[in-house]
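Just below is one structure, and these are the notes that go with it.
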Amino acid sequence: METNRRWVLARRPKTLVSPADFRLEEVPVPAPAEGEFLIRQHYLSLAPVMAQYVLDGGTIERPVAIGETMRGRGVGRVVASRHPKFRIGDVVHGPFGWQDYALSNGARLTYVSRYAGRIAPMSTAIGVLGITGYTAYFGMKLADPKPGDRILVSGAVGGVGSSVGQIARIMGCTPIVAVCGGPEKAATAIHRLGYDSAIDYRRGALDEAIDDHMPDGLDIYFDNVGGATLEAALNRMRQGARIILCGAISQYMADGKPVGPSNYFKLVYANAQMKGFQIYAFADRYAEAEEALADWIASGRLVWQENLLEGLEIMPKALAGLFEGTNVGKQVVRIAPETAT
């Protein structure tokens, strides 16, 4: 009998997530009941917010239970189906967890990909052509960019940020400035991802660096980091600026009280807006985002940036590694070759 490998939560971490918090199990591959289908996963997604799933549920979902399969999105092909809308061979992405095979009834943010595996690799269904790309798309929609708007993006070479800069260019923003960590990421931001310049926050003096790159201030700040970077951006708002709160990686695993902006009242003086958003609130418009992103890819105006790792065994270590800031682009783990089905 074929087995299904899966990672389950072995203990609840108190601060930083570590590989010792998870346990790899082998169980039989499940068979779909009426109204269900079975997916053989090929790629699994990793994102910093997933660390919160095992702590407090990330504030939007219940925490993963001890002994439960670790939560996360994946993409693969349908290998058995008793569901009228999902056919064998379909490329499907959804919240399938850290495992080789997953059963689904097609509910809860599960979709057949129209473009991944066709105009771009299958893995992009959990990247630029999936929830990650939709987050960049709708975040920029909320920013309401005008041609000539000056935009600053933190986490600029991560999963979401690697698309935000390119979308900003498509929408006419200039200059487009990245905040990222290290010279390799800075070079990638400029030479591949559409940014005009890049600030290496590891060099310190972030306030002065923003002034150097954006002497006239900023109209849009797309925040994936929070903390000190958010405060620095609030100090450099132009009149009518828009601050988009997408992520806060600096705070997800913070030991102690999260750091919030002490200078928030600058929003009043700048007649500015600060908006947070949850990507699941846009679920009824995902097709719109997928269509736009696919069109931009097909026309050569949008490229995808992935950091590809290999093997289901590496998942816990790879999640912990996200907080070391080493990934360039969307973090993806291949757990089976696409020829496996």
Side-chain angles (χ1 to χ4, degrees), residues 1-9 22 24-47 49-50 52-54 57-118 122-127 129-135 138 278-291 294 312 315 332-336 338 340-341:
M1 180 180 295
E2 196 167 2
T3 59
N4 179 35
R5 299 173 302 159
R6 65 183 186 187
W7 281 104
V8 302
L9 184 63
F22 302 91
L24 186 62
E25 296 182 343
E26 291 190 0
V27 295
V29 174
E34 191 65 35
E36 293 181 331
F37 57 97
L38 180 68
I39 308 99
R40 196 333 171 182
Q41 297 203 84
H42 293 276
Y43 299 92
L44 301 182
S45 170
L46 281 167
V49 73
M50 293 171 72
Q52 285 198 303
Y53 296 166
V54 298
T59 73
I60 58 174
E61 298 186 57
R62 65 169 180 79
V64 176
I66 302 298
E68 181 182 359
T69 301
M70 177 57 183
R71 191 178 302 143
R73 294 190 67 81
V75 60
R77 289 192 184 274
V78 176
V79 293
S81 180
R82 298 179 65 185
H83 192 296
K85 294 183 179 179
F86 293 86
R87 301 174 298 177
I88 291 176
D90 283 346
V91 174
V92 180
H93 59 101
F96 303 142
W98 290 8
Q99 54 187 339
D100 289 318
Y101 292 87
L103 281 179
S104 176
N105 61 8
R108 196 176 178 274
L109 303 173
T110 299
Y111 306 97
V112 174
S113 178
R114 295 180 291 168
Y115 301 104
R118 296 173 175 84
M122 183 193 292
S123 57
T124 57
I126 50 174
L129 289 173
I131 299 293
T132 303
Y134 305 165
T135 301
F138 288 115
Q278 182 198 55
I279 188 56
Y280 302 143
F282 293 87
D284 61 344
R285 295 176 59 190
Y286 285 174
E288 169 196 332
E290 185 186 30
E291 188 76 32
L312 182 68
M315 291 297 292
V332 175
V333 178
R334 179 164 49 201
I335 64 170
E338 294 184 32
T341 54

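Heavy-atom basis, side chains included; hydrogens, waters and symmetry copies ignored. It should be emphasised that the depicted structure is a prediction, and the values quoted were computed from it without experimental measurement.
Relative to the ring axis of Tyr43, Arg334 does not place its NZ or CZ within 45° and under 6.0 Å from the centre.
Ion pair Arg77/Glu338 not flagged as a salt bridge, since none of the NZ, NE, NH1 or NH2 atoms sits closer than 4.0 Å to an Asp/Glu carboxylate oxygen. Comment: Arg82 engages Glu34 in a salt bridge, judged by a side-chain N to carboxylate O separation of less than 4.0 angstrom.
Listed by chain and number, the residues in a side-chain contact (heavy atoms from CB on, under 4.5 Å) with Arg6 are Val8, Glu25, Val27, Thr69, Gln99 (sequence neighbours excluded).
Two residues are said to be in side-chain contact when any heavy atoms from C-beta on lie closer than 4.5 Å; Val92 and Ser104 fail this criterion. Between Leu46 and Val333 there is a side-chain heavy-atom pair separated by less than 4.5 Å. The shortest distance between side-chain heavy atoms of Phe96 and Tyr101 does not fall below 4.5 Å. Contact check for Val91 versus Val112: no side-chain heavy atoms found under the 4.5 Å cut-off. Considering only heavy atoms from C-beta on, Glu68 stays 4.5 Å or farther from Leu9 through its side chain. Side chains of Phe37 and Ile39 form a contact here, defined as non-hydrogen atoms less than 4.5 Å apart.
Between Ala125 and Val75, the shortest heavy-atom distance links the atoms CB-CG2, 3.6 Å. Minimum interatomic distance between Pro95 and Thr110 (heavy atoms only, all atoms of both residues): CD-OG1, 3.6 Å. Nearest heavy-atom pair, Leu44 versus Gly74, reported as atom, atom and distance to 0.1 Å: CD2-CA, 4.1 Å. Residues Ala116 and Leu129 come closest through the heavy atom pair N-CD1, 4.0 Å.
Once rounded to the nearest 0.5 Å, the distance linking CG of Leu38 with NE2 of His83 reads 13.5 Å. To the nearest 0.5 Å, the span separating CD on Glu26 from CZ on Arg5 amounts to 7.5 Å. Here Trp98 contributes atom CH2 and Met315 contributes atom CE; the two are 4.5 Å apart, rounded to the nearest 0.5 Å. Rounding to the nearest 0.5 Å places CE of Met70 at 14.0 Å from CG of Leu24. For the atom pair CG of Asn4 and CG of Asp100, the computed distance is 5.5 Å after rounding to the nearest 0.5 Å.
Of the possible polar contacts, one joining the Ser81 side chain to the Phe86 backbone as a donor-acceptor pair under 3.5 Å is found. At least one donor-acceptor pair under 3.5 Å links the side chain of Trp7 to the backbone N or O of Leu312. A donor-acceptor pair is defined here as one N or O able to donate and one able to accept, closer than 3.5 Å; no such pair exists between the side chain of Gln52 and the backbone of Val49.
For Tyr286 and Tyr111, the ring centers are positioned less than 6.0 Å apart.
Annotation for Arg118: atom CZ counts as buried by contact number, over 12 foreign heavy atoms lying within 6.0 Å.
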task: Walk me through it: do His93 and Arg73 pass the test side chain to side chain contact (heavy atoms under 4.5 Å, CB included)?
output: CA-CA 7 Å; His93 59 101; Arg73 294 190 67 81; 3.1 Å; yes
field: Working for side chain to side chain contact (heavy atoms under 4.5 Å, CB included), residues Tyr115 and Thr124
entry: CA-CA 9 Å; Tyr115 301 104; Thr124 57; over 6 Å; no
message: Test side chain to side chain contact (heavy atoms under 4.5 Å, CB included) on Arg114 and Glu290; report intermediate values, then the result.
response: CA-CA 8 Å; Arg114 295 180 291 168; Glu290 185 186 30; 2.9 Å; yes
message: Working note: Phe138 + Glu288, criterion side chain to side chain contact (heavy atoms under 4.5 Å, CB included); need CA distance, chi angles, decisive distance, verdict.
response: CA-CA 10 Å; Phe138 288 115; Glu288 169 196 332; 4.3 Å; yes
